[in-house]
Amino acid sequence: MNPHDILKKYFGYDSFRPGQESLIEAILSGRDVLGIMPTGAGKSVCYQVPALLLPGITIVVSPLISLMKDQVRALNEAGVHAAYINSSLTEGQIEKAFSLACRGQYKIIYVAPERLPTYLFQDFARQVQISMVTVDEAHCISQWGQDFRPSYLNIVDMVAGLSVRPVVSAFTATATKEVREDIQCVLRLQEPKVLVTGFDRANLYFEVRNGGSKDAQLLEYIKEHRGESGIIYCATRKNVEAVYTALRMADIPVTRYHAGLSAEERKQNQDQFIFDERPVMVATNAFGMGIDKSNVRYVAHYNMPQSMENYYQEAGRAGRDGERAECVLLYSPQDVRINQMLLSNKEFREEMTDEEIGAVRERDAERLKRMTYYGTTKDCLRGYILNYFGEKAPRRCENCSNCLHEFVEEDVTDICRDIFQCIREMKWSYGAGTVAGVLHGSKAARIKSGGLDEISVYGRQSGVTEFRLKEIIRELAGMGLLEESDDRYTVLRLGEGAKDVLDGKQRIIMKFARPKEKKMPLPKKRAGVSGDLDSASWQLFERLRTLRLMIARETGVPPYIVFTDKTLIDMCVKRPKDKNEMLDVSGVGEAKYKRYGERFLEEIRKE
Ligand code: ADP
């Protein structure tokens, strides 16, 4: 069999995605590889397909128990014998798994890095032929990354200790140059084939909602997406509880996750989410690592995260199956404050010097700033993300709220001059709210009592709302013409280039949302569908989904592992009538056909 046959037989796919084939070929020719591909790009296939073609066993090192379980479950469903070895098993179970492995029962074994130096593993490794060692989430080996795991260093000794050096393949979605070089170096990859596919996730739609009641918007949004699975991220446990309660009151099938809940409840809630019993999850960022649920149709951020890295990782949990999914950020300037507070309370390891702590704080503040600008930019959101990660992007993607919004341009040079003037006169001691209040001519006590109503520009922009003035200030900060201090009470200073505006050498044009327009002209397509399904197909899709849920409950296998949304949609498009046609559906391999094919055919025939 060749890689294509394996892909079809076990995974049910007709063709490889970009990059997959070249990595597989390199592995099969005996070369080390490093694959850097975004979430959902299909990294697993890159090592699972060659694992089935190589003569010996493939060891996959993976950091998270839940991730391993999921992968092994999915492989077994696809008819591939696989096992995992981690701390969730007893010593007896581990011994049994190794003894079965020695007898050739498994082609792929997932192992937690802590297990590699154990006697049981070492003994096993001496007895069998290991053809490949795969390092999943390979950035965990780099001290540069946020997720460094010292136990990953065990991999190096393990590989060095084998009598015949296997192929080493490493995969990650983290792309910074330092991390990439570190992985190659620390893992001692030998002239690896390095493949970096773009960071873009074309199936994700990005949106920022700015202003208005978050609760009302969120509720409306979730109602519009009823029946779909989504994650709502909040910054604090308190917010998780509040949002969770509000959604429950509105009869949304919702569950929650944060570090304040008992381990038992966390597990139960996570399972309810994974099995689509409660498809909406409200959580802090403690939730998500190791969640492979492929049919998450939206990720909404009730609060802004602390960095673009965090945002893209969390938002990226939407649409892993490649179907359309949405990432919505509910932005409010208060979130900047919450995050500043959380950052200022951040704890550091004792051995860190003041200088090191200072450097980390500076980096954190910079990251938060860049995140904030994402919340306020009028440019293409996808472009902003890609540029942040060092990639070039077209000016417009036509698949984010900014590209789909209509904006009007306005010359705001005079307003900007007054803003600069105001900041100067107030001796650089105030933030955006006060500056906007003074220029608008606010009668608020905090302005009057400070004597700020006596400065020359007080009330000079009375025709412009305070909201708009703050919007302009934020944008000026994004352009670098204003600088915001990083301490608790953010104050504004003039940035480089402000002088040119004051001197009349530069004019400032800004874009504003066209007034009185419905806030978000969402594309008519319902999230989750890439093709144009007619209403009959929709009904069929819903029926197939119900059948999938029933099977999931019967078998204890999560619905998205039975079949992904994408596979169900393909069934609705192709309407297979018999076994051969069913095997033609993307995602239906031979093992899955045997298990579930007939039941789905029967449901389709009911039409
Ligand atoms: P990653 O590990 O890169 O985040 P996965 O390996 O989980 O991504 O793959 C994401 C989804 O894409 C899975 O549902 C997987 O079955 C599917 N997939 C992978 N390769 C292909 C392919 N060649 N054709 C169609 N679907 C694929």
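Given the structure is predicted, the values throughout are model-derived calculations rather than measurements. Just so you know, ligand 1 is whichever comes first in the structure, and atom 1 is the first atom listed for that ligand.
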For ligand 1, which is the ligand I care about here, please tell me if D321 has any N or O atom under 3.5 Å from one of the ligand's N or O atoms.
no

Looking only at protein heavy atoms, what sits closest to atom 6 (O) of ligand 1 is S44 OG, 2.6 Å

Going through the distances and angles, do Y257 and F273 end up as a ring pair (Phe, Tyr, Trp, His ring centres under 6.0 Å)?
CA-CA 10 Å; Y257 192 104; F273 173 67; 9.7 Å; no

Have Y311 and Q306 got a donor and an acceptor in their side chains that come within less than 3.5 Å?
no

For atom 23 (N) of ligand 1, which of the options S15, G587, G12 provides the nearest non-hydrogen atom?
S15

Just to check, does G322 reach to within less than 4.0 Å of ligand 1 when the distance is taken from its heavy atoms?
no

Any luck finding a side-chain donor-acceptor pair between S142 and R180 under 3.5 Å?
no

Who's the nearest protein heavy-atom neighbour of atom 1 (P) of ligand 1, and how far?
G40 N, 3.5 Å

Any idea which of G42, P38, P18 brings a heavy atom closest to atom 8 (O) of ligand 1?
G42

Exactly one of K594, K592, R595 should register a salt bridge (Lys or Arg N to Asp or Glu O under 4.0 Å) with E77. Which one does?
R595

Should the pair R324-D565 be classified as a salt bridge under the 4.0 Å nitrogen-to-oxygen rule?
no

Is there a heavy atom of S294 sitting under 4.0 angstrom from any atom of ligand 1?
no

Before you tell me yes or no, could you show the steps for Y331 and H301 under ring pair (Phe, Tyr, Trp, His ring centres under 6.0 Å), namely the whole-Å CA-CA distance, both residues' side-chain angles and the distance that decides it to 0.1 Å?
CA-CA 8 Å; Y331 174 86; H301 276 80; over 10 Å; no

Quiz item: cation-pi between R553 and F275, 6.0 Å / 45°
no

Sorted by chain and number, sequence neighbours left out, ring-ring contact (aromatic ring centres under 6.0 Å, His included) with Y560 holds for none

Heavy atoms only, cut-off 4.0 Å: how does Q20 contact ligand 1, side chain, backbone, both, or neither?
side chain

Numbering as shown, the atoms of ligand 1 that approach T39 to under 4.0 Å (heavy-atom distance)
4 (O)

Going through the distances and angles, do H139 and T172 end up as a side-chain hydrogen bond (donor to acceptor under 3.5 Å, both in side chains)?
CA-CA 6 Å; H139 59 280; T172 175; 2.8 Å; yes

Which ligand 1 atoms are under 4.0 Å away from a heavy-atom of F16?
23 (N)

Starting from atom 10 (C) of ligand 1, what is the nearest protein heavy atom, named by residue and atom, and what distance separates them?
R320 O, 3.4 Å

Pull out every atom of ligand 1 sitting under 4.0 Å from any heavy atom of V45, numbered as shown with elements.
19 (C), 20 (N)

Just to confirm my output: which protein heavy-atom neighbour is closest to atom 24 (N) of ligand 1, and how far is it?
Y13 CG, 3.4 Å

